[in-house]
Amino acid sequence: MLITFEGIEGSGKTTQTELLSTYLADKGYRVVKTREPGGTHFGEALREVLLRRGMEVDSLSELLVVMAMRAQHVDEVILPALQDGKVVLCDRFVDATYAYQGYGRKIDLGVIETLNRLVTKGIRPNLTILMNVTAERGLKRKGAASSMDRIEEEGISFHQRVKKGYEKLAKEDPKRFFVVDGSLKVEAIHEIVRAKVGNVLKSYGV
Ligand code: TMP
């Protein structure tokens with residue numbers, strides 16, 4: 001069972017991933033909590049470079065690095081955990097690339113799809129929880145511009161394109177996506193997420 005969390009910067013997805021992970025582990029599920037970009041030694045090392053402020057990275061290089069990290073992540077972490085019957089919670093996955101490199105950087109979505117298919121080896125999330133907040137609200141939550149990373153510090157119009165991209169993805173695949181109002185209180189969101197995940201686990205007999 002693969003459950004992914006998605007959303008723009010400051011949408012609260014990392015907090016919700018952690019809360020859900022603790023909740024499921026307490027219920028006795030074997031849970032693997034991981035994230036992208038990152039999730040492996042190789043990926044976490046590249047993450048630091050990818051997000052470093054002031055680093056010149058063109059869009060295509062960014063896409064290919066993100067995909068290289070994903071290939072390693074799927075191979076080393078996600079696939080083995082799924083094969084072992086674990087519940088994998090991933091803070092960002094394939095949809096982030098459509099949203100950021102596709103809608104944000106305007107790279108052809110077909111190219112992203114081809115690469116995603118290659119690196120994921122056919123794995124698809126069973127459920128994707130999209131935390132929906134406005135770009136203004138998300139960036140405000142991130143705090144001072146001076147502490148932002150290379151992608152966070154992109155202009156508001158970039159983050160608005162990413163947000164719209166996520167909304168489009170959710171509309172195109174309503175069975176997989178579950179959209180949550182990220183402006184609600186943390187505990188209220190966690191309750192909504194818990195209920196949804198409980199139903200999905202039940203429907204898969206997990
Ligand atoms: P985070 O905000 O979840 O820590 O993610 C770090 C950044 O990585 C965030 O700005 C979005 C970006 N990202 C992409 O641009 N493409 C991707 O495919 C992924 C997984 C993340």
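Remember, it's 1-based here, ligands and their atoms both numbered in the order they're listed.
Ligand 1 has Q101 within reach: a non-hydrogen atom of the residue lies less than 4.0 Å from it.
Partners of D181 by side-chain hydrogen bond (donor to acceptor under 3.5 Å, both in side chains), not counting sequence neighbours, listed by chain and number: S183.
Residue E36 approaches ligand 1 through these ligand atoms, each under 4.0 Å from one of its heavy atoms: 20 (C).
Using a cutoff of 4.0 Å between basic side-chain nitrogens and carboxylate oxygens, R117 and E113 are scored as salt-bridged. The pair R105-E62 counts as a salt bridge, with a side-chain nitrogen and a carboxylate oxygen less than 4.0 angstrom apart.
Counting protein heavy atoms only, atom 19 (C) of ligand 1 is closest to A96 CB, 3.6 Å. Among all non-hydrogen protein atoms, the one lying nearest atom 12 (C) of ligand 1 is I151 CD1, 3.8 Å. Nearest non-hydrogen protein atom to atom 10 (O) of ligand 1 is E9 OE2, 2.6 Å. For atom 7 (C) of ligand 1, the closest non-hydrogen atom on the protein side is L51 CD2, 3.7 Å. Ranking the protein heavy atoms by distance from atom 21 (C) of ligand 1 puts P37 CD, 3.4 Å first.
Looking only at distances, a side-chain donor or acceptor of R161 sits under 3.5 Å from a matching main-chain atom of G104. Checked by atom type and distance alone, the side chain of E44 pairs as donor or acceptor with a backbone atom of G39 at under 3.5 Å.
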Acceptor/donor pairs from residues 76-84 side chains to any protein atom, 3.5 angstrom cut, sequence neighbours excluded:
residue	atom	partner	partner atom	Å
E76	OE1	Q72	NE2	2.6
D84	OD2	R30	NH1	3.3
D84	OD2	K86	NZ	3.2

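The N/O atoms of K13, backbone and side chain alike, include one that comes under 3.5 Å of an N/O atom in ligand 1. Ligand 1 has no N or O atom lying under 3.5 Å from any N or O atom of K142, backbone or side chain. At a 3.5 angstrom cut-off on N or O pairs, R92 counts as close to ligand 1. Residue contacts with ligand 1: R47 is placed with a nitrogen or oxygen under 3.5 Å of a nitrogen or oxygen of the ligand (distance criterion only). Checked by distance only, ligand 1 and T14 stay at 3.5 Å or farther apart across all their nitrogen or oxygen atoms.
The proximity of T97 to ligand 1, defined as any non-hydrogen pair under 4.0 Å, involves the side chain as well as the backbone. By the criterion of a heavy-atom distance under 4.0 Å, the side chain of R70, and not its backbone, is placed next to ligand 1.
When D149, V65, V66 are checked for heavy-atom proximity to atom 17 (C) of ligand 1, V66 turns out nearest.
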Check against side-chain contact (heavy atoms from CB on, under 4.5 Å), Y100 and L63: CA-CA 9 Å; Y100 281 82; L63 170 69; over 6 Å; no
Candidate pair R70 and T97, rule side chain to side chain donor-acceptor pair (under 3.5 Å), full reasoning: CA-CA 10 Å; R70 182 162 302 139; T97 318; 2.8 Å; yes
Working for side chain to side chain donor-acceptor pair (under 3.5 Å), residues H159 and E154: CA-CA 7 Å; H159 294 289; E154 285 290 337; over 6 Å; no
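With a 6.0 Å cutoff to the six-membered ring centre and a 45° limit on the axis angle, R92 does not count as a cation-pi contact of F5.
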